[in-house]
Amino acid sequence: VKASKSLSFSLQAKMSRPVQARRLQGIDKNIWVEFVKLAATYSKVNLGQGFPDFPAPDFLTEAFMRALGGGNHMLHQYTRAFGHPPLVKVLAQFFEKLLGRDLDPMTNVLVTVGAYQALFCCFQALVDEGDEVIIIEPFFDCYEPMVKMAGGTPVFVPLRPNPPEDGRLMSSADWQLDPAELASKFSERTKAIVLNSPNNPLGKVFSRGELGLIAELCVKHDVLCISDEVYEWLVYDGKQHIRIASLQGMWDRTVIIGSAGKTFSATGWKVGWVVGPNRLLQHLRTVHQNSVYHCATIAQEAVAQGFQRELRLYGKPESYFVQLPKELQQKRDWLVQSLDGVGMKPIIPEGTFFLVADISQFKSDVPDVPNSDEPYDYRFVKWMVKNKGLAAIPLSAFYSEAHKNNYTSFIRFCFAKEEATLKAANDILQKWKQEKTSS
Ligand code: PMP
């Protein structure tokens with residue numbers, strides 16, 4: 001009788017204590033969860049989330065197939081925690097070339113579950129309660145919650161648009177930091193700055209002058225630089241991607257983050273990496289070994305083979321890192337033409353596979369709701385995907401809460417898409433424009 005009494009008690013008892021850890025407060029919303037679902041439900045043409053709809057290169061998928069069934073059954077087992085040896089070796093060789101310095105594959109490279117986990121390791125390993133982290137707006141949205149989860153305080157500094165006076169289309173290069181404003185954000189509480197060049201969502205490729213300014217401030221205030229370079233190969237019009245770690249005084253205080261997802265058009269593989277000095281990476285390894293421990297061996301093996309190929313073909317026309325940006329530049333130009341043709345003014349990106357466009361001329365189609373909690377560009381994108389079947393991402397998703405409402409006239413498109421997808425997007429925009437002019 002006693003036993004059954006206590007059993008019925010335990011079945012009825014509801015938990016009343018709060019279950020959510022304090023560090024999760026205020027970071028439960030996620031733009032991707034919401035807009036990916038919306039696109040899956042309503043869109044006919046999805047230029048929203050950043051992923052290619054064309055296949056990854058044959059040499060990469062063939063390497064994966066070989067790793068899967070090629071006779072080395074040990075590739076189905078655990079590998080080294082901090083990176084599969086062939087992958088860290090070739091990454092070290094590759095980055096030695098790019099940075100012009102010797103690298104130790106075992107201590108200067110860490111393989112992570114995509115660039116996402118690389119970022120998570122950085123913030124957890126390097127940011128303490130009370131530390132400030134400078135984030136340049138607009139920014140890849142996860143930086144803010146990740147800083148907060150580590151107990152840090154994000155401090156935002158905007159790229160300010162300077163519209164050209166000669167009537168030409170705006171470029172991502174027209175969005176610039178105000179040097180005095182940037183300098184004013186550094187203090188003795190600043191632990192790190194997050195740099196993302198080429199930048200998602202604008203496609204801005206920071207110039208040597210801009211990077212020099214950031215580097216100078218980092219050295220002056222003894223601040224770390226978390227340099228998210230996942231779009232390092234996607235730069236256009238002969239522009240050059242400059243690695244801030246190669247500037248004076250920066251190697252020792254910089255972690256470089258990369259992603260095979262973007263590099264080899266295989267976002268689903270979730271293979272990323274960090275390259276940097278051991279004095280920083282040793283702490284990232286502590287986070288890594290106490291969280292995911294290591295990433296899928298077969299994917300790492302295939303990415304290693306992809307990099308070995310690229311090392312052999314470095315700078316040659318057959319290199320994927322030469323071919324991919326060429327193809328993407330053409331796709332960028334198609335989308336620029338489509339958008340410009342209908343009056344959804346594009347900001348021409350210097351890099352990445354994203355493009356931001358001004359929706360001002362289309363606002364009359366989508367009524368605003370005064371005093372709504374939702375920024376106007378969110379409403380616009382939701383309306384567009386439901387009524388026109390075209391998915392994009394609102395630009396204000398890449399701004400902090402305090403600054404969102406200053407940037408509600410823009411939306412972001414991804415142009416890493418098949419020609420047919422971009423044509424279908426063009427058809428939707430053309431039809432929309434015709435309906436507007438005839439009504
Ligand atoms: N950083 C930036 C700037 C990104 O755009 C992305 C992906 N959209 C990531 C990091 C995450 O990359 P991964 O898919 O390799 O985790």
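Note that this is a predicted model, so its numbers are computed, not measured. Just so you know, ligand 1 is whichever comes first in the structure, and atom 1 is the first atom listed for that ligand.
Atoms of ligand 1 lying under 4.0 Å from any heavy atom of S259, numbered from 1 in the order shown and given with element: 13 (P), 15 (O). Per-residue contacts place K270 under 4.0 angstrom from the following atoms of ligand 1 (heavy atoms of the residue considered): 13 (P), 14 (O), 16 (O). Close approach to N196 involves these atoms of ligand 1, each under 4.0 Å from a residue heavy atom: 3 (C). Near K262, with a cut-off below 4.0 Å to any heavy atom, the atoms of ligand 1 are 6 (C), 7 (C), 8 (N). Residue contact check: G114 has heavy atoms under 4.0 Å from atoms 15 (O), 16 (O) of ligand 1.
Cation-pi contact between K220 and F186: absent, since separation from the ring centre below 6.0 Å together with deviation from the ring axis within 45° is not met. With a 6.0 Å cutoff to the six-membered ring centre and a 45° limit on the axis angle, K204 counts as a cation-pi contact of F206. At least one cation-pi condition fails for K326 and Y236: the charged atom is not both under 6.0 angstrom from the six-membered ring centre and inside a 45 degree cone around its axis.
A distance of 10.5 Å separates CD in E62 from CD in Q305, rounded to the nearest 0.5 Å. Interatomic distance, CG of L422 versus CD of E419, reported as 8.0 Å (0.5 Å rounding).
F380 is not listed as a side-chain neighbour of F410, based on a closest heavy-atom distance of 4.5 Å or more.
Remark: among candidates Y116, F120, F398, the nearest residue to atom 11 (C) of ligand 1 is Y116, based on non-hydrogen atoms.
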Under the side-chain contact (heavy atoms from CB on, under 4.5 Å) rule, what do T297 and Q77 come out as? Steps first, then yes or no, please. CA-CA 7 Å; T297 310; Q77 305 307 327; over 6 Å; no
Can you check side-chain contact (heavy atoms from CB on, under 4.5 Å) on R80 and H294, steps first, answer last? CA-CA 7 Å; R80 178 174 167 270; H294 90 65; over 6 Å; no
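No N or O atom of T267 sits closer than 3.5 Å to an N or O atom of ligand 1. Among the atoms of F140, none of the N or O lies under 3.5 angstrom from an N or O of ligand 1. Any N or O atom pair closer than 3.5 Å counts here, and Y143 shares no such pair with ligand 1.
In this structure, the protein non-hydrogen atom closest to atom 13 (P) of ligand 1 is A115 N, 3.4 Å. The single protein non-hydrogen atom nearest to atom 1 (N) of ligand 1 is D228 OD2, 2.6 Å, given as residue, atom name and distance. For atom 5 (O) of ligand 1, the nearest non-hydrogen atom of the protein is Y231 OH, 2.6 Å.
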